[in-house]
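Below is one structure, written out as structure tokens; comments come after it.
Counting begins at 1 with the first residue of the sequence.
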Amino acid sequence: MVLPSGFVSMLILFGMVLVVGVNIVPGVEAKARAFFVFGDSLVDSGNNNYLATTARADSPPYGIDYPTRRPTGRFSNGLNIPDLISERMGGESVLPYLSPQLKSENLLNGANFASAGIGILNDTGSQFLNIIRMYRQLDYFEEYQQRVSILIGVARAKKLVNQALVLITVGGNDFVNNYYLVPYSARSRQYSLQDYVKFLIVEYRKLLMRLYDLGARRVIVTGTGPMGCVPAELAMRGTNGGCSAELQRAASLYNPQLTHMIQGLNKKIGKEVFIAANTALMHNDFVSNPAAYGFTTSQIACCGQGPYNGIGLCTPLSNLCPNRNSHAFWDPFHPSEKANRLIVEQIMSGSKRYMKPMNLSTVLALDARK
């Protein structure tokens with residue numbers, strides 16, 4: 001639960017003294033740039049393990065290629081995008097916010113607030129029941145800052161957040177687990193696709209502005225991938241053996257408007273706070289030409305069942321490919337670790353076709369001079 005506004009006062013009542021600007025725990029220092037992650041299953045590192053929800057990845061064969069060879073809650077055979085960004089920045093993977101291990105010095109590395117199944121809208125993913133919706137993820141971010149302020153003082157906590165890198169990945173579920181979840185869904189009766197996309201962009205802008213108001217100053221914002229081409233959609237909505245035309249149309253409407261909105265936010269703020277990552281183009285590279293990237297298929301998931309291994313969940317009873325590196329998709333919706341590495345490579349060093357206004361390597365180099 002989100003801590004009440006009287007949180008600090010309660011701690012004082014229990015004998016903890018808060019002195020603004022003073023290091024409460026001597027010798028506690030941030031070891032590297034903090035990293036905060038918000039969003040859905042593409043970036044969830046295990047928060048849903050602690051929730052009563054069906055949107056979970058805490059059983060085999062998830063994690064089969066993770067260093068521990070055990071499921072962690074990541075929707076991957078191994079590492080996910082936040083892990084790989086942390087790796088490239090020379091830091092440790094940040095812990096899920098709900099993890100009991102996220103305390104003391106571990107707090108200074110940052111935190112992952114993401115939760116599988118969520119979307120921009122609060123009604124997205126309602127079938128998954130207990131998930132951490134975006135407004136609650138941001139509430140937790142505020143709570144996190146209170147916890148760090150107690151640890152290292154208010155001024156240093158503010159600096160840690162201002163200097164941190166933030167990744168937010170959300171939006172795909174607002175289509176696949178909301179607008180297109182069932183025929184004649186409530187949202188599809190309420191909005192035409194064009195108007196729904198505009199509505200999402202307006203709501204997403206509010207989330208990004210709250211993130212800014214909470215202190216985020218370097219934020220990578222990813223678009224949706226080629227939603228109509230994931231194995232689940234090939235199996236359920238594929239057109240003549242190809243991608244779902246309707247979901248591809250949704251992505252083609254949404255992603256350019258997201259980039260435009262981000263450019264407008266940066267102009268309003270007067271700084272390049274938000275970085276637009278064209279993940280649709282990143283995915284499309286290996287989806288349209290898998291052999292060029294060492295994949296044997298970009299249509300059939302490694303783990304699943306039915307056409308394209310795209311029906312249902314990845315479970316111990318599912319079909320499982322022997323070589324995960326040969327598949328662009330691990331399960332019906334999520335890229336394999338190898339595909340995630342390709343995406344992160346473009347985030348790090350991609351041209352302006354992929355990263356606007358600059359890639360992450362450029363961001364890190366510029367910020368290192370400050």
Side-chain angles (χ1 to χ4, degrees), residues 39-43 55 75 81 116-121 124-125 127 169-185 187-188 191-201 204 222-259 276-293 295 297-314 327-336 339-340 342-343 346 353-354:
D40 57 27
S41 59
L42 289 165
V43 292
F75 286 75
I81 288 171
I118 65 96
I120 295 164
L121 305 180
T124 292
Q127 71 272 30
T169 294
V170 67
N173 283 326
D174 293 286
F175 295 100
V176 299
N177 281 310
N178 192 329
Y179 195 85
Y180 292 109
L181 179 61
V182 293
Y184 308 107
S185 68
R187 288 295 189 186
S188 68
Y191 294 104
S192 68
L193 178 60
Q194 292 91 333
D195 288 341
Y196 184 64
V197 167
K198 290 176 184 175
F199 175 53
L200 288 179
I201 296 298
Y204 202 172
T222 68
T224 70
M227 296 182 292
C229 299
V230 302
E233 300 305 334
L234 290 176
M236 293 185 290
R237 297 188 181 89
T239 308
N240 299 321
C243 303
S244 163
E246 189 65 11
L247 274 164
Q248 288 297 90
R249 178 168 168 256
S252 70
L253 288 171
Y254 173 82
N255 287 314
Q257 291 185 48
L258 176 62
T259 300
N278 189 340
T279 41
L281 187 57
M282 296 174 192
H283 279 84
N284 193 59
D285 286 346
F286 57 77
V287 166
S288 61
N289 189 5
Y293 296 87
F295 297 115
T297 179
S298 61
Q299 293 187 315
I300 302 170
C302 173
C303 182
Q305 46 278 313
Y308 306 99
N309 278 347
I311 302 296
L313 303 172
C314 171
H327 289 248
F329 287 95
W330 156 245
D331 70 9
F333 285 103
H334 304 98
S336 62
N340 282 333
L342 293 170
I343 292 164
Q346 292 290 8
R353 289 183 65 230
Y354 297 93

Please report the interatomic distance [atom1]([X]) to [atom2]([Y]), rounded to the nearest 0.5 Å.
{"X": "Met282", "Y": "Asn340", "atom1": "CE", "atom2": "CG", "value": "12.0 Å"}
{"X": "Leu200", "Y": "Thr124", "atom1": "CG", "atom2": "OG1", "value": "7.5 Å"}
{"X": "Ser41", "Y": "Asp331", "atom1": "OG", "atom2": "CG", "value": "8.0 Å"}
{"X": "Met236", "Y": "Ile311", "atom1": "CE", "atom2": "CD1", "value": "6.0 Å"}
{"X": "Ser192", "Y": "Lys198", "atom1": "OG", "atom2": "NZ", "value": "7.5 Å"}
{"X": "Ile343", "Y": "Ile81", "atom1": "CD1", "atom2": "CD1", "value": "4.5 Å"}

Under 4.5 Å between any side-chain heavy atoms of [X] and [Y], yes or no?
{"X": "Tyr180", "Y": "Met227", "answer": "no"}
{"X": "Ser188", "Y": "Val182", "answer": "no"}
{"X": "Thr297", "Y": "Tyr308", "answer": "no"}

Member of Thr279, Asn255, Asn173 meeting the side chain to side chain donor-acceptor pair (under 3.5 Å) criterion with Thr224: Asn255
Smallest separation among heavy atoms of [X] and [Y], with atom names:
{"X": "Pro231", "Y": "Gln299", "answer": "CG-O, 3.2 Å"}
{"X": "Gly312", "Y": "Pro332", "answer": "O-CG, 3.5 Å"}
{"X": "Pro256", "Y": "Ala251", "answer": "CD-O, 4.1 Å"}
{"X": "Leu313", "Y": "Gln305", "answer": "O-NE2, 2.7 Å"}
{"X": "Cys229", "Y": "Gln248", "answer": "SG-NE2, 3.5 Å"}
{"X": "Ala235", "Y": "Pro307", "answer": "CB-O, 3.4 Å"}

side-chain contact (heavy atoms from CB on, under 4.5 Å) between Leu281 and Gln346, worked out: CA-CA 10 Å; Leu281 187 57; Gln346 292 290 8; over 6 Å; no
Please check this pair: side chain of [X] against backbone of [Y], looking for a donor-acceptor N/O pair closer than 3.5 Å.
{"X": "Ser298", "Y": "Val287", "answer": "yes"}
{"X": "Ser185", "Y": "Tyr179", "answer": "yes"}
{"X": "Asp174", "Y": "Leu121", "answer": "yes"}

Partner set under side chain to side chain contact (heavy atoms under 4.5 Å, CB included) for Ile201, not counting sequence neighbours: Val197, Tyr254, Gln257, Leu258, Met261
For Asn309, give me all partners under side chain to side chain contact (heavy atoms under 4.5 Å, CB included), at least two apart in sequence or on another chain. Ile300, Ala301, Asn319
side-chain contact (heavy atoms from CB on, under 4.5 Å) between Leu234 and Phe329: does it pass, once the steps are laid out? CA-CA 12 Å; Leu234 290 176; Phe329 287 95; over 6 Å; no
In terms of ring plane angle, is the pair Phe175 and Tyr196 parallel, tilted or perpendicular, where the classes change at 30° and 60°? perpendicular
With side-chain contact (heavy atoms from CB on, under 4.5 Å) as the criterion, how do Arg353 and Asn278 come out once you've worked through the C-alpha distance, each side chain's angles and the decisive distance to 0.1 Å? CA-CA 7 Å; Arg353 289 183 65 230; Asn278 189 340; over 6 Å; no
Quickly, which of Ile118, Asn177, Ile120 forms a side chain to side chain contact (heavy atoms under 4.5 Å, CB included) with Asp40? Name it, please. Ile118
Between Ser336 and Phe295, does the side-chain contact (heavy atoms from CB on, under 4.5 Å) criterion hold? Intermediate values first, please. CA-CA 11 Å; Ser336 62; Phe295 297 115; 4.1 Å; yes
Partners meeting ring pair (Phe, Tyr, Trp, His ring centres under 6.0 Å) with Phe333 (sequence neighbours left out): none
